[in-house]
Amino acid sequence: MNLYKYVSDAINEKLGFTANLEIPRNREFGDFSTNAAMVGAKAANKNPRELAGEILPKLQELDFVESATIAGPGFINIKIKDEFILKNASAPKPMKKQKQLVLDMDYGAYNVAKSLHIGHLRTSIVGDTFNRISKFLGHKTFSWNHIGDWGKPMALVIAWIEKMHPELPYFRDDFVAGTDVDFDIDPMELNTYYPSASQFAKENPDFQTHAQMIKARFQDGHPGYFALYEKFLKISLETMNKTVKRLNILPFDYDLGERNAAKYLPDVEKILRAKNLIQESDGAEIIVVKRDSDTAPMPPYMWTDSRGADTYDSTDLAAVYCRKITDNPDKLIYFTDLRQGLHFEQLFRVSELAGICDYDRFEHIGYGTINGADGKPFKTRDGNAAGLDDILDIANDAVRVRVIESGKNLDDETVSIIALAAVKFNDLLHDVKSDYIFDPKQITNFEGRTGPYVLYTAVRLNSVLKRANSVNELSQYQMGHDERDLLIQVLDFERTIETAFENRATDMIANYAYDLCQLINTFYHNCPILRDDVDESIRAGRLYIARIARDTLATAIDLMGLKIPSEM
Ligand code: ARG
């Protein structure tokens with residue numbers, strides 16, 4: 001149940017107009033507070049306190065109202081009946097939507113032949129959680145891993161291999177597909193090819209030109225380049241899959257990126273030409289997206305570069321076309337670094353100009369950077385920009401240190417579950433758009449607003465419930481305020497998820513989970529459950545509440561893509 005919505009709707013219906021319902025910071029005087037008397041005062045030609053006095057008896061008729069009292073200039077505080085709370089609090093269940101949205105989500109978007117960087121961490125975590133929330137709310141989602149598998153990096157890697165092994169047959173124009181030779185690429189080494197090649201290209205214009213030539217011919221289907229590409233594509237895809245597993249994110253519905261989109265380029269080009277949108281500019285083909293009302297610079301969209309090759313821009317537009325005919329989504333949502341904002345603004349405009357997809361179906365969720373203590377992008381100890389795996393390894397080490405310090409004995413699997421929770425929870429906790437400082441020590445603390453604290457709370461409840469063996473259905477139970485506060489938070493779960501979805505604010509769910517844990521731990525301390533001196537019927541009631549709390553927390557944990565270890 002969404003308690004807030006239930007109470008708000010019931011009050012509005014009772015009074016016949018729409019008032020605002022607030023959740024007071026301090027629940028001492030009421031669980032909710034309504035401004036109904038202030039809203040209705042004008043129409044009723046009364047002062048708010050006077051009207052509040054008339055409204056009170058009406059509110060008291062509502063089945064869930066324990067008491068309604070006037071506060072200040074005419075606010076009304078409402079306290080909910082204990083029985084109502086106890087009866088309606090339950091474990092959250094996935095919802096069914098009458099108006100189900102079809103959502104295409106573009107996140108992950110890893111690149112072939114380039115190792116995954118920190119930026120890929122945020123797109124994966126936030127995208128995956130948003131996907132899980134959407135599914136939970138009953139929407140239909142399709143996740144697209146828009147792999148970077150068609151551009152300059154491919155050409156640079158091919159050029160680099162050619163430089164090292166010119167004798168290989170792949171570079172010959174008469175190479176026939178299928179006449180492959182024994183040539184293995186070392187997966188560890190593959191990661192070094194792109195950075196080396198790209199550095200070398202900066203210093204050697206000839207090599208740069210050669211790579212550009214390779215790019216154009218590769219995209220035209222050069223059989224030798226393709227055969228080589230297939231080899232490192234396979235290695236890259238394996239690495240990506242390992243990452244998806246390690247991050248515990250849902251498998252992508254489509255691992256289809258630029259290369260797949262390129263198949264649709266001819267169709268898209270036809271549309272663009274028919275609308276006369278493509279213009280020639282210094283050998284390149286561009287689409288003007290600037291509007292008269294623009295105050296910020298709005299460069300044209302690159303349809304082809306000056307060598308006639310496909311671009312990040314063109315394949316992204318083709319990808320929109322592909323998704324439109326594949327899923328026909330209500331919304332296309334992209335999760336990338338904030339710095340790609342301009343690119344997406346251009347893409348959305350071109351899509352609309354071309355009549356491929358309306359501008360208002362698009363959304364770009366841009367995230368900030370993960371920084372070190374110096375406020376600059378996080379670096380590993382050797383001074384290099386940290387990769388995605390580095391971050392997870394560093395968190396793993398930090399958890400292990402804590403475990404040793406505390407004298408606990410936890411296996412590797414558990415340590416890595418905790419480390420992943422530390423990283424993901426901390427990421428979700430921050431407003432997507434903001435940068436944050438990655439502090440391995442702080443995020444792995446077992447206390448405070450951290451992933452380990454959340455997991456620890458769940459493990460603790462699991463252990464109580466396991467030791468209790470069975471939990472009976474609702475019995476007569478006199479709640480104290482610890483149980484009451486806890487169940488009210490449970491009854492706020494649905495509203496939180498709905499609001500997190502509507503506002504695209506995944507941080508709401510992390511903060512909700514933390515608040516829930518605080519209430520669970522207070523309950524745990526103040527309301528002994530299995531202790532010998534606890535009366536049987538009290539124990540039954542507390543176990544019942546503990547189970548609802550655990551199920552709610554477990555659902556939140558799952559929506560964040562974390563796992564609960566069996567011990568901690
Ligand atoms: N592969 C790109 C990167 O690593 C992100 C792609 C995002 N998605 C898109 N449709 N452009 O930065």
Side-chain angles (χ1 to χ4, degrees), residues 103-128 130-131 141-157 191 194-195 198 215 232-233 236-237 239-241 243-244 247 249 252-265 268 289 301-303 310-324 326-327 329 331-351 356-357 359 361-370 377 385-389 391 432:
L103 305 169
D104 263 9
M105 299 183 193
D106 181 311
Y107 59 89
Y110 313 130
N111 299 314
V112 168
K114 275 166 85 177
S115 42
L116 300 182
H117 55 73
I118 293 194
H120 292 124
L121 189 68
R122 297 205 77 182
T123 172
S124 309
I125 296 173
V126 174
D128 179 64
F130 193 68
N131 188 6
T141 68
F142 295 103
S143 55
W144 289 79
N145 183 15
H146 186 74
I147 303 173
D149 52 1
W150 198 239
K152 196 166 147 209
M154 311 307 111
L156 280 169
V157 169
N191 275 341
Y194 172 72
S198 119
K215 180 181 165 194
F232 58 77
L233 178 68
S236 280
L237 291 180
T239 318
M240 285 178 209
N241 282 334
T243 305
V244 167
L247 286 175
I249 62 176
F252 288 100
D253 295 306
Y254 301 101
D255 282 302
L256 294 174
E258 298 168 356
R259 176 188 176 187
N260 171 69
K263 289 192 273 188
Y264 300 89
L265 285 168
V268 175
V289 289
Y301 205 57
M302 294 296 284
W303 179 247
D310 306 337
T311 60
Y312 184 59
D313 288 2
S314 65
T315 47
D316 237 349
L317 181 59
V320 172
Y321 177 82
C322 163
R323 291 170 200 184
K324 198 74 213 301
T326 315
D327 306 332
K331 289 260 175 226
L332 289 91
I333 310 175
Y334 297 80
F335 299 81
T336 77
D337 191 308
L338 268 175
R339 285 170 292 192
Q340 290 200 40
L342 179 62
H343 164 74
F344 285 107
E345 177 61 25
Q346 294 174 305
L347 170 66
F348 303 164
R349 289 185 183 195
V350 177
S351 300
I356 293 174
C357 183
Y359 183 88
R361 288 204 191 195
F362 289 107
E363 264 175 61
H364 175 231
I365 300 191
Y367 50 78
T369 332
I370 304 179
L388 188 151
D389 278 318
I391 293 285
V432 181

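Predicted, not measured: the structure shown is a model, and the values here were computed from it. Order of appearance sets the numbers: ligands from 1, and atoms from 1 within every ligand.
For D316, a nitrogen or oxygen atom sits less than 3.5 Å from a nitrogen or oxygen atom of ligand 1, counting backbone and side chain alike. Taking only nitrogen or oxygen atoms, main chain and side chain alike, Y110 does not reach within less than 3.5 Å of ligand 1. Some N or O of D106 is nearer than 3.5 Å to an N or O of ligand 1, by distance alone.
Scanning the protein heavy atoms around atom 6 (C) of ligand 1, the nearest turns out to be Y312 OH, 3.2 Å.
K114 does not count as a contact of ligand 1, since none of its heavy atoms falls under 4.0 Å from the ligand.
Taking every heavy atom of Y334 and a limit of under 4.0 angstrom, the matching atoms of ligand 1 come to 10 (N).
Taking the six-membered ring for Trp, Y107 and Y334 have ring centres at least 6.0 Å apart.
Summarising the contacts of atom 12 (O) of ligand 1 with R323, H117, Q340, E258, the nearest heavy atom is found in Q340.
Residues that satisfy the side chain to side chain contact (heavy atoms under 4.5 Å, CB included) test with K263, not counting sequence neighbours, are N260.
Looking at F335 and M105, their side chains come closer than 4.5 Å, going by heavy atoms from C-beta outward. A heavy-atom distance below 4.5 Å is not found between the side chains of L332 and D106.
Proximity of N111 to ligand 1, defined as any heavy-atom pair under 4.0 Å, is confined to the side chain (atoms from C-beta onward). Here F344 has side-chain heavy atoms under 4.0 Å from ligand 1, and that is the only part of it that gets that close.
For the side chain to side chain contact (heavy atoms under 4.5 Å, CB included) criterion with R349, the lone passing option out of F344, Y301, Y359, F362 is Y359.
Checked by atom type, the side-chain pair D310/T315 shows no donor-acceptor distance below 3.5 Å.
Using cut-offs of 30° and 60° on the angle between ring planes, the pair Y110 and H120 is perpendicular.
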